[in-house]
A.B. asks: 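Quick one: the structure is below, questions incoming.
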Amino acid sequence: MTTASQTLPKHYTDLCDFKREIGNLGSVAALVGWDQETYMPHGGARARAEQSSLLAKLIHERASSTKLGDLLAQCEADSSLNDPTSEHGANLREMRRDYDKATKLPSDLVANLAKAQSEAQDVWKVARTNNDFKSFVPALTKVMDLTKEKASCLKTDEHNELYDALLGEYEPGAKATEIEAVFTPLRDRLSAFIAELRDNGTPPKVDFLHREIPVEKQHAFGQAVTAAFGFDYKKGRLDTTTHPFCSGFGPGDTRMTTRYSPTNFPDAIGSTMHECGHGLYEQGIPKETGLFGTPLTEAISLGIHESQSRMWENMVGRSKAFWTWALPLANKHFDGAFDDIDVETFTKAMNTATPSFIRVESDESTYNLHVMLRFELERAMLRNELAIQDLPEAWNAKFKDFLGLDVPDDATGCLQDVHWSFGLVGYFPTYSLGNLNAAQMWETINEQIPDLDDQIARGEFGALLNWTREHIHQHGRRYTASEIIERSTGKPLSADPLMRHLESRVRPAYGL
Ligand code: ZN
């Protein structure tokens, strides 16, 4: 990769230096955010809120500054820099995307939205506790109206509809129509698959998964597994939080968190492997090249980030090959807690598909149906095809249709997620895009590394990690998400690989 000091014009190196400064401020913001979730004493909350908002302000001021705009314009006018296939060409294209986003929203809209979001969150909490959707309608209506206004400001010629402008915040270049074209067949096939399992399958035995395992032992096991995956602990950490996350601070420093329950070992190891997938991506992006802070040292999109986490959590972490290696290791760490369980039985228990009401508690197969339901509803709200007060009815009807269950109340239905009170529209699809991307990559990887299962069963993950480094991580934001999928797998995104993956894992677990 080119470094900023190579013979490139001064306005370009100045631009990269300025972006690096913003990148460093971002690192500091990530650090105080991580500290708040992990070790900060409760008493520090108020001062921390002030520190975080000051950092956010400093970052926004620089990211939307005339200085940045002028340097960018100078570089764009320089014919020596405008080859779109070069690294600097890609860097400039993405910097323009970021700059336009940072400067397009009027400051009073940003302020109004922030105020409406914070009010809506408070109202949402009470509404969910009291199972009272009606009391949430005015606050949600206000947030949605402002979110539509935001979408109108962000909309460009690249977008077909308002939804695309919001989606672009998380999945640059993606279109709702393209997502719909993959989601619709997946939704129909998944619903039929889940009904078939319910009607004809025998659910695997899972009770042993909830045997009591001391938290410190689970932590040591999680570290051993993630170190074997290739996470570099000299350049990262694993800590504990209520809501697991991973934060790539900057060159040489990636922080993962996970959560533990003595009686829910699968949840902990699943979270740890998931966050490790994010961590491996962050460690694989070339941030130590002098270009830190520029788009070539950043992740492409949430859907690609999530593909890395889902691949390690699900494709690897629920496979028989993985447990062939990991079950004896777990028994060593856990004083033989699963000594009486064979690999076959253990793997089956890790591959259940049971419809349930709450998205964050759902399994690998049914999860996507929860996401698709939200995608369809939020798109309808944005198009004014669904009035806010009619949301519960629409939610419950779709839930019955997709997952075959009658939603008992709104607290377990349309009030369960915080996202919409934040105005987070266009965010949900990235979760399923992660699963779809991961499954499609997984098929290609297995074609290119035919003995991958044998390697995994021996606890060797290097070839797999190298594939992701070479095809995904090293490029930063050089390509869009759909380009990276086509380049790495040779075809556009499709629902087929994910369906094949789920069927191959879940059918045997249900004796089908
Ligand atoms: Zn994730």
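Quantities reported herein were computed from a predicted structural model and do not represent experimental measurements. These numbers come from the heavy atoms of this one structure, side chains and all, not from hydrogens, waters or symmetry mates. All ligand and atom numbering here is 1-based and tracks the order in the structure.
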A.B. asks: Are Tyr510 and Phe193 near enough that their ring centres are under 6.0 Å apart?
C.D. replies: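 Centroid separation for Tyr510 and Phe193: 6.0 Å or greater.
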
A.B. asks: Should Arg255 and Glu37 count as an ion pair when the cut-off is N to O under 4.0 Å?
C.D. replies: no

A.B. asks: Taking the six-membered ring for Trp, is the centroid-to-centroid distance between Phe428 and Phe375 below 6.0 Å?
C.D. replies: no

A.B. asks: Can you tell which of Lys175, Arg96, Arg97 makes a salt bridge (Lys or Arg N to Asp or Glu O under 4.0 Å) with Glu158?
C.D. replies: Arg97

A.B. asks: The test is ring pair (Phe, Tyr, Trp, His ring centres under 6.0 Å); show your working for Phe338 and Trp323 and say whether it passes.
C.D. replies: CA-CA 12 Å; Phe338 302 114; Trp323 287 105; 8.2 Å; no

A.B. asks: Hey, is Glu282 close enough to Lys287 for a salt bridge, meaning N to O under 4.0 Å?
C.D. replies: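 Between Lys287 and Glu282 there is a salt bridge, with a charged N closer than 4.0 Å to a carboxylate O.
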
A.B. asks: What's within reach of the Zn ion (ligand 1), meaning protein N/O/S atoms under 2.8 Å?
C.D. replies: His274 NE2, His278 NE2, Glu306 OE1

